[in-house]
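Structure first, then comments.
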Number of protein chains: 2
Amino acid sequence: MAFTFQSKHDHGSCIKSALANAEQICADHNQRFTKIRRLVLELIWQSHKPLGAYELLPAIKQAGFNSAPPTVYRALEFLQEQGLVHRISSLNAFIGCSHPGHQGSSCFLICDQCQLAVEVESPVLASAIGDLSAEMGFVIEREHLEIVGKCRHCCSSKTKEVANKSPNIPCG
Amino acid sequence: MAFTFQSKHDHGSCIKSALANAEQICADHNQRFTKIRRLVLELIWQSHKPLGAYELLPAIKQAGFNSAPPTVYRALEFLQEQGLVHRISSLNAFIGCSHPGHQGSSCFLICDQCQLAVEVESPVLASAIGDLSAEMGFVIEREHLEIVGKCRHCCSSKTKEVANKSPNIPCG
DNA sequence: GATATAAAGTTATAATATAACAATTATTAC
DNA sequence: GTAATAATTGTTATATTATAACTTTATATC
């Protein structure tokens, strides 16, 4: 079941399926899912929050790997190429792909209070974008669709004024 | 007439109307449209290509202003607050707003060959985004909708392989 | 004209990302 | 199984983008 800002969900199974998908996709693509790549994917999946590359470095160091920036950027680049990770450019941050292997437009809803983000696949959105591009003869190569606002929990919470600090739901 | 990747258009009138709009909007908002703010807006409007902040610094220096980064970032921040400039986060670059004062979703079509970008307002897109957000109880604050690909000129051009270098239409 | 406010100048540095080359590990060909 | 090749990772250095903090100047308000 997809994550949609619900306060409780089995995040262990999110991680587990992300890793299983990654194994499969790398195998299909004849790509090596090395230890550092797996570690970076695990770290990215520790939450549904987009994380900055530099935030991952301490854990990488702790795991005994070289923790210079190229280490994490290379792994993230690989994971993006395999469609396992997305870059949220408005945040300079990275998030695990919720629909690996799928085609079509992915749109991110990003809560600026609790920082959680949800990846949404919408055929209606995809066709709207397809249409407006086609009208101009524009050929799409990639999309960055990022919507920033308040998730339903933060929206109704009384801590709105203390923005960007306290998540209003348990799962980080 | 709005710019939509057409090879020829009266870019002087793009600039002129952008500046006239800016005057009006700043006046309406009781904000000061200072020389440096005007200069930065003019520089941004020299083309329909998103430009990096640092790219503007030489011209700012030539015009006799302080050309340290804060100068241009402050002006760009002001212009964004007034809705006169947009940041294209996937490029770390800035572009003049084609529809200042308008409400609703703006989406950018960005050609990765000639670097030109077009801002599109689409009610269909806006409603698709409104719907998918509403389904999740998500309240939108801002949107970053960036579509990267090839404009119709670059798409059909034979110089595709020399990507990101030569624009295939005259207007920079 | 004095005071307060906003804007711009200036210096320094933070945050994000990549280049370039060396060392290591895995794969392939024999 | 070993040599040659290719891919990955380690390492150092640096590029690019952006902001913090404080000073000076200009504008607006009283």
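A:Cys151 has its side chain within reach of A:Cys114: a pair of non-hydrogen atoms, C-beta onward, lies under 4.5 Å apart.
Sorted by residue number, the members of residues 23-41 of chain A with any non-hydrogen atom under 4.0 Å from DNA chain D read A:Arg32, A:Thr34, A:Ile36, A:Arg37.
For A:Thr71, taking side-chain heavy atoms from C-beta onward, the closest of the listed nucleotides D:dC22, D:dT11, D:dA18 is D:dT11. Closest to the side chain of A:Phe65, out of C:dT10, D:dT11, D:dG10, is D:dG10.
A sub-4.0 Å separation between OP1 or OP2 of C:dT10 and a side-chain N or O of B:Asn66 is present.
Atom CD in A:Glu77 sits roughly 15 Å away from atom C1' in C:dT16 (whole-Å rounding). With rounding to whole Å, A:Arg74 atom CZ is found 8 Å from D:dG10 atom P. The CG-P distance, from A:Asn92 to D:dT17, rounds to 11 Å in whole Å. Going from atom CG of B:Leu57 over to atom C1' of D:dT16 covers 12 Å, rounded to whole Å. Summarising the geometry, the separation between CG on A:Leu76 and C1' on D:dT9 is reported as 15 Å, rounded to the nearest angstrom. The distance from atom CD1 of A:Ile60 to atom C1' of D:dT9 is 12 Å, rounded to the nearest whole Å.
A:His9 has its ring centre less than 6.0 Å from the ring centre of A:His48. Within the 6.0 Å centre-distance limit, the rings of B:Phe108 and B:His86 are counted as a close aromatic pair.
Judged by distance alone with a 3.5 Å cut-off, no donor-acceptor contact links the side chain of B:Tyr73 to the base of D:dA20.
Stacking between B:Tyr54 and the base of D:dT17 is present: ring centres sit under 5.5 Å apart and the planes differ by under 30 degrees.
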Just list the side-chain donor-acceptor pairs under 3.5 Å for residues 68-85 of chain A, sequence neighbours left out, or say none.
residue : atom : partner : partner atom : Å
A:Thr71 : OG1  : A:Asn66 : O            : 3.3
A:Thr71 : OG1  : A:Asn66 : OD1          : 3.3
A:Thr71 : OG1  : A:Ala68 : O            : 3.4
A:Gln82 : OE1  : A:His29 : ND1          : 2.7

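By the ring-ring contact (aromatic ring centres under 6.0 Å, His included) test, A:Phe138 pairs with B:Phe5, sequence neighbours left out.
Residues A:Pro100 and A:Ser98 share a closest heavy-atom pair of CD-C, 3.3 Å.
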